[in-house]
Amino acid sequence: DYLIMKHFLSDTITALATAPGKGAIAIIRLSGDKSVDIAAGVFVGGQNLYEMPPARLARGHIVDPKSKNIIDDVLVAKFKNPHSFTGEDMVEISCHGGPFIVEEILTVLLENGARLAAPGEFTKRAFLNGKMDLLQAESVADIIDSRTRASLLQSQNQLSGMLSEKLLHFRDALKYQLSLLEVELDFSEEDIEFASREDLYENIKGLIDQVDKLLNTFKYGKILREGVRLALVGRPNVGKSSILNRLLEEDRAIVSRTPGTTRDVIEEALDIDGILYTISDTAGIRLTGDEVEEMGVERTKKVLGGADVVLFIVESGSVLTEKDLEALHIVKENMNDARLLLLVNKIDLKKNQIPDEVSVQFDVVCEISAKTGEGFSTFKKKLNGLIFDEDVMKESVYINKTRHLDALRRTREALLHANASVKQKLSPEYISLDVRTALDALGEITGEVTTEDILEDIFSSFCIGK
Ligand code: GDP
């Protein structure tokens with residue numbers, strides 16, 4: 001009943017699979033019916049590529065068939081459909097990792113019948129050939145983009161199909177309800193209820209609860225992928241730069257940013273016990289009392305409004321002075337659903353009791369010394385615990401893309417509508433229509449229901465060769 005995309009992609013594509021630039025080795029891939037023909041046409045070696053068993057290496061040369069010039073010394077492997085990444089016949093050529101050599105080899109492959117692959121086309125073919133669903137295809141890109149252990153683990157879970165399985169389970173449950181409703185429609189003259197309305201209502205309600213749970217994981221999934229956005233706030237000289245420097249020294253600072261990601265400019269990124277943190281705007285660090293006015297409302301709103309966690313930093317010995325309270329007020333006004341951590345610094349100089357009326361204003365209070373490092377390990381544990389409570393960490397299935405969020409929200413809407421129709425005792429046609437809408441929205445996530453536009457959106461953000 002559902003829209004199943006049937007694509008027949010008959011041409012053979014090629015691209016560099018390894019990173020561009022110089023390296024010891026570069027790998028060029030071919031995928032499609034003519035992969036072996038094209039490779040055999042330019043390969044001269046001890047083994048015949050047609051007769052050689054799959055997933056073995058043949059040593060030889062790539063030779064330009066026109067000029068008979070040897071281009072490079074290579075190792076060639078072939079894979080027979082459907083036992084390959086794309087599900088098609090594939091050939092991998094490992095050559096020396098020089099951009100000129102790669103260019104020359106790609107040129108002879110193109111001259112001998114291959115076409116240059118579009119961005120993400122290898123993975124797209126893997127999806128279209130049923131080697132993986134859409135979620136898994138997306139996770140291939142996420143695995144490559146991972147910057148911390150936690151985000152890698154999440155993407156690996158997604159690649160292994162854990163989220164897909166959960167969605168499949170939702171779909172099966174809905175399909176069953178739909179089948180009962182449809183039997184009823186077939187016997188509509190006889191006015192029999194095959195699907196008990198109470199059961200139907202309860203089952204759908206149960207599914208809505210589960211969809212809600214999954215919707216709630218979006219925040220975590222997104223944070224795992226993109227990082228916890230941290231803002232450091234405090235009056236001058238409380239030690240903001242010293243704290244940041246210590247974090248950057250103790251933890252793994254992540255220097256390089258992948259171009260083309262949709263985030264703001266990121267000044268600093270660090271990996272604290274496997275969780276990625278980004279400090280999105282150093283201007284935010286100097287946010288305090290009078291300076292808030294100077295910085296301007298827009299900037300304040302941007303830094304605080306975008307933060308997942310705000311570190312409110314004060315000096316030990318003078319916890320929450322009049323000025324601190326003023327700044328705290330402004331912080332709270334401009335925060336958007338962020339967690340607030342009171343960081344009492346310089347405890348090497350002076351320790352003091354933090355009064356309850358102060359600590360109740362924060363989610364967590366930590367005492368540290370940026371100078372000696374005292375209290376930092378507890379601080380980091382509490383920091384990670386602020387966003388990732390243990391229950392959520394146990395939940396190993398997350399959604400992490402707006403696309404998933406949007407489709408799940410539509411699923412939820414349709415299910416709510418279905419249950420409203422059940423309550424109003426509407427005829428089965430109406431209810432089954434809603435159930436179908438929910439099924440379609442769910443199917444979009446894994447790609448059972450899809451359009452060329454959705455695919456274009458996903459795969460065009462991949463790079464060529466993936
Ligand atoms: P910022 O203006 O908030 O960024 O503060 P800085 O990080 O520049 O620190 C202000 C001063 O406090 C510097 O002289 C630091 O060396 C000092 N300082 C920062 N943290 C500590 C600490 O934990 N203990 C002590 N004794 N001094 C600190």
Side-chain angles (χ1 to χ4, degrees), residues 228-255 264-273 277-296 299-335 338-355 358-359 361-384 386:
V228 181
R229 289 163 304 175
L230 203 61
L232 286 81
V233 182
R235 300 202 295 119
N237 285 320
V238 293
K240 296 176 294 295
S241 327
S242 312
I243 293 165
L244 186 58
N245 284 340
R246 182 167 278 280
L247 287 173
L248 290 170
E249 273 163 30
E250 283 188 5
D251 301 282
R252 209 165 58 79
I254 300 168
V255 189
D264 295 310
V265 185
I266 281 158
E267 312 277 1
E268 311 280 4
L270 71 157
D271 171 348
I272 300 180
D273 296 339
Y277 284 82
T278 58
I279 294 131
S280 61
D281 194 342
T282 37
I285 294 178
R286 259 168 271 109
L287 184 75
T288 169
D290 314 333
E291 285 172 49
V292 171
E293 304 293 313
E294 275 168 43
M295 270 181 53
R299 188 128 211 197
T300 313
K301 282 214 164 92
K302 203 177 157 214
V303 172
L304 289 170
D308 299 306
V309 175
V310 176
L311 303 182
F312 192 83
I313 304 161
V314 294
E315 265 181 28
S316 188
S318 60
V319 176
L320 291 207
T321 59
E322 200 64 19
K323 283 227 152 161
D324 286 332
L325 285 172
E326 242 173 70
L328 181 62
H329 179 70
I330 291 165
V331 166
K332 285 195 169 176
E333 255 185 357
N334 289 288
M335 274 175 17
R339 313 307 303 272
L340 189 57
L341 191 149
L342 176 65
L343 207 48
V344 182
N345 189 30
K346 308 196 187 180
I347 54 168
D348 55 300
L349 294 178
K350 199 174 189 184
K351 280 200 184 177
N352 63 336
Q353 276 302 111
I354 293 145
V358 170
S359 48
Q361 305 206 46
F362 298 87
D363 294 302
V364 174
V365 178
C366 293
E367 293 172 277
I368 53 159
S369 164
K371 190 172 175 190
T372 65
E374 192 184 343
F376 263 72
S377 66
T378 311
F379 157 52
K380 285 188 263 187
K381 269 206 195 82
K382 286 188 177 171
L383 182 63
N384 277 348
L386 264 182

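If you're wondering where the values come from, they're calculated on a predicted model, not measured in any experiment. Counting starts at 1 for both ligands and their atoms, following the listed order.
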Among Ser242, Gly234, Ser241, the residue with a heavy atom nearest to atom 15 (C) of ligand 1 is Ser242
A student comparing Lys346, Lys240, Lys371 should find that the heavy atom closest to atom 17 (C) of ligand 1 comes from Lys346
Counting heavy atoms under 4.0 Å, the part of Thr372 that contacts ligand 1 is neither
The answer for which part of Asp348 has a heavy atom under 4.0 Å from ligand 1 is side chain
Between [X] (side chain only) and [Y] (backbone N and O only), is there a donor and an acceptor less than 3.5 Å apart?
X      : Y      : answer
Asp324 : Thr321 : yes
Lys240 : Gly234 : yes
Thr278 : Ala269 : no
Asp273 : Lys380 : no

A student checking ligand 1 against Leu349 at a 4.0 Å heavy-atom cut-off should list atoms 26 (N)
Is there any N or O on Ala370 that sits under 3.5 Å from an N or O of ligand 1? yes
Decide whether an N or O pair under 3.5 Å exists between Gly239 and ligand 1.
-> yes
Handout entry: Salt bridge Lys351-Glu374, side-chain N to carboxylate O under 4.0 Å
Key = yes
| message | Against the six-membered ring of Tyr277, is Arg229 placed for a cation-pi contact (under 6.0 Å from the centre, within 45° of the normal)? | response | no
